[in-house]
Amino acid sequence: MSDSELAEKAAGILRENDRGLYTIPAHGIYPHQWLWDSCFIAIGLRHLDVERAKMEILSLLRGQWSNGMLPHIIFNPIKKQRMYSGVWNSWVSPLSPDDVSTSGITQPPLIAEAVVQIGQKLGQHERHSWYRQIWPALVAYHQWMYAERDPHGEGLVLLIHPWETGLDNTPPWMSMMHAHLLPTWIRFLQKTHLEFFIGRARRDTRYVD
């Protein structure tokens, strides 16, 4: 496949997954907006439609909490999945936004890189305007990370959940998760060798092993 054919195929996927305000990561399995995914998507979209790339970033900021945290998921209100939205119940927190439902964890701050790369596609005046528009939200996000995720004041931000890393089911994370107490029902399934039934209930494995 040539570079031009590959580029057209990628553009087609972006168009297929476009949901107006944001782009879904994968059709049929992930109907929500993910922080990291939208940042990478915006970096790609800037080559096709810079205004649409800006919208991808602005749509992420809908989910920003009042303390500055950017959640790793903004839920599609029409297609909530129990495995995701029912776990978080973000609306019980007074810090969460009123008009959207989100997760309660974040992901590394790739959004700053996406904002800069979009800016590279703009003229000088438009670039400065774009940066001024996004600057307060980016500052609030980074201030939250240093306030809440740098307990030793080392300048290093901690990730507290495997879903924050993009390395969800990798051996180091799974080893650490198993090193801690597991819920009784999971221990029961392991002891009785019934983990298979949990696997059958997963939606993602219908698409990828």
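Owing to the predicted nature of the structure, the values given are computational and were not obtained by experimental measurement. Positions are given from 1, in the same order as the sequence printed here.
Between the side chain of Ser90 and the main chain of Ser103, no donor-acceptor pair closer than 3.5 Å is present. Judged by distance alone, with hydrogens and angles left aside, the side-chain atoms of Glu164 form a donor-acceptor pair with the main-chain N or O of Ile160 at under 3.5 Å. Judged by distance alone, with hydrogens and angles left aside, the side-chain atoms of Arg149 form no donor-acceptor pair with the main-chain N or O of Val157 at under 3.5 Å. Although no hydrogens or angles enter the test, the distance criterion places no donor-acceptor pair under 3.5 Å between the side chain of His32 and the main chain of Ile73. At distances below 3.5 Å, not a single donor-acceptor pair connects side-chain atoms of Ser129 with backbone N or O atoms of His125.
One hydrophobic cluster holds both Val115 and Ile118 under the rule that ILVMFWY side chains link at heavy-atom gaps under 4.5 Å. Cluster membership for Val50 and Tyr131, using ILVMFWY side-chain heavy atoms within less than 4.5 angstrom, is shared. There is a path of hydrophobic side-chain contacts, each under 4.5 Å, that joins Val116 to Leu70.
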### Task
Give the C-alpha distance, both sets of side-chain angles, the deciding distance and a yes or no for salt bridge (charged side-chain N to carboxylate O under 4.0 Å, His left out) between Arg46 and Glu56.
CA-CA 10 Å; Arg46 72 192 174 110; Glu56 193 75 25; over 6 Å; no
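Proximity of Phe75 to Val100: side-chain heavy atoms (C-beta onward) are nowhere separated by under 4.5 Å. Two residues are said to be in side-chain contact when any heavy atoms from C-beta on lie closer than 4.5 Å; Thr170 and Pro172 meet this criterion. Inter-residue side-chain proximity for Asp150 and Leu158 is flagged as unmet; no heavy-atom pair is nearer than 4.5 Å. At least one side-chain heavy atom of Ser59 sits less than 4.5 Å from a side-chain heavy atom of Gln33. For the pair Pro97/Gln64, no side-chain contact is recorded, criterion being any heavy-atom separation below 4.5 Å from C-beta on. By the 4.5 Å heavy-atom criterion applied to side chains, Leu61 and Ile134 are counted as neighbours. By the 4.5 Å heavy-atom criterion applied to side chains, Ile13 and His27 are not counted as neighbours. Side-chain contact between Met69 and Ile105 is absent, with no heavy atoms from C-beta onward closer than 4.5 Å.
Of the inter-residue distances, the one linking Glu148 atom CD with Met145 atom CE reads 12.0 Å to the nearest 0.5 angstrom. In this structure, Leu58 CG and Leu21 CG are separated by 9.5 Å, a value rounded to the nearest 0.5 Å. With rounding to the nearest 0.5 Å, the separation of OG1 in Thr165 from CG in Leu159 is 6.5 Å. Here His47 contributes atom NE2 and Leu14 contributes atom CG; the two are 11.0 Å apart, rounded to the nearest 0.5 Å. Separating the CD atom in Gln133 from the CD1 atom in Ile57 is a distance of 11.0 Å, to the nearest 0.5 Å. Distance OG/Ser101 to CH2/Trp91: 5.0 Å, rounded to 0.5 Å.
Residues Thr102 and Trp88 approach most closely at O-CB, 3.7 Å, considering heavy atoms. Scanning all heavy atoms of the two residues, the minimum distance from Trp34 to Leu60 falls at O-CD2, 4.1 Å. Taking both residues in full, the closest heavy atoms of Leu122 and Trp130 are given as CD1-CB, 3.8 Å, listed atom of the first, atom of the second, then distance. Trp36 and Gln107 get closest at one heavy-atom pair: N-OE1, 2.8 Å. Contact between Ile111 and Leu138 at its shortest, heavy atoms only, is CG2-CD2, 3.6 Å. For the residue pair Trp163 and His72, the shortest heavy atom distance occurs at O-CD2, 3.9 Å.
One finds no salt bridge joining Lys121 and Glu51 here, because no Lys/Arg side-chain nitrogen approaches an Asp/Glu carboxylate oxygen to under 4.0 Å. For Lys9 and Glu5, the salt-bridge test fails: no basic side-chain N is under 4.0 Å from an acidic carboxylate O.
None of Glu16, Arg52, Met55 except one satisfies the side-chain contact (heavy atoms from CB on, under 4.5 Å) rule with Thr23; the exception is Arg52. The residue from Trp65, Tyr141, Trp144 that alone fulfils the side-chain hydrogen bond (donor to acceptor under 3.5 Å, both in side chains) condition with Thr106 is Tyr141. Under the side-chain contact (heavy atoms from CB on, under 4.5 Å) rule, Cys39 has a single partner from Ile41, Asp37, Leu35, which is Leu35.
No more than 12 heavy-atom neighbours from other residues, nucleotides or ligands sit within 6.0 angstrom of CD on Gln124.
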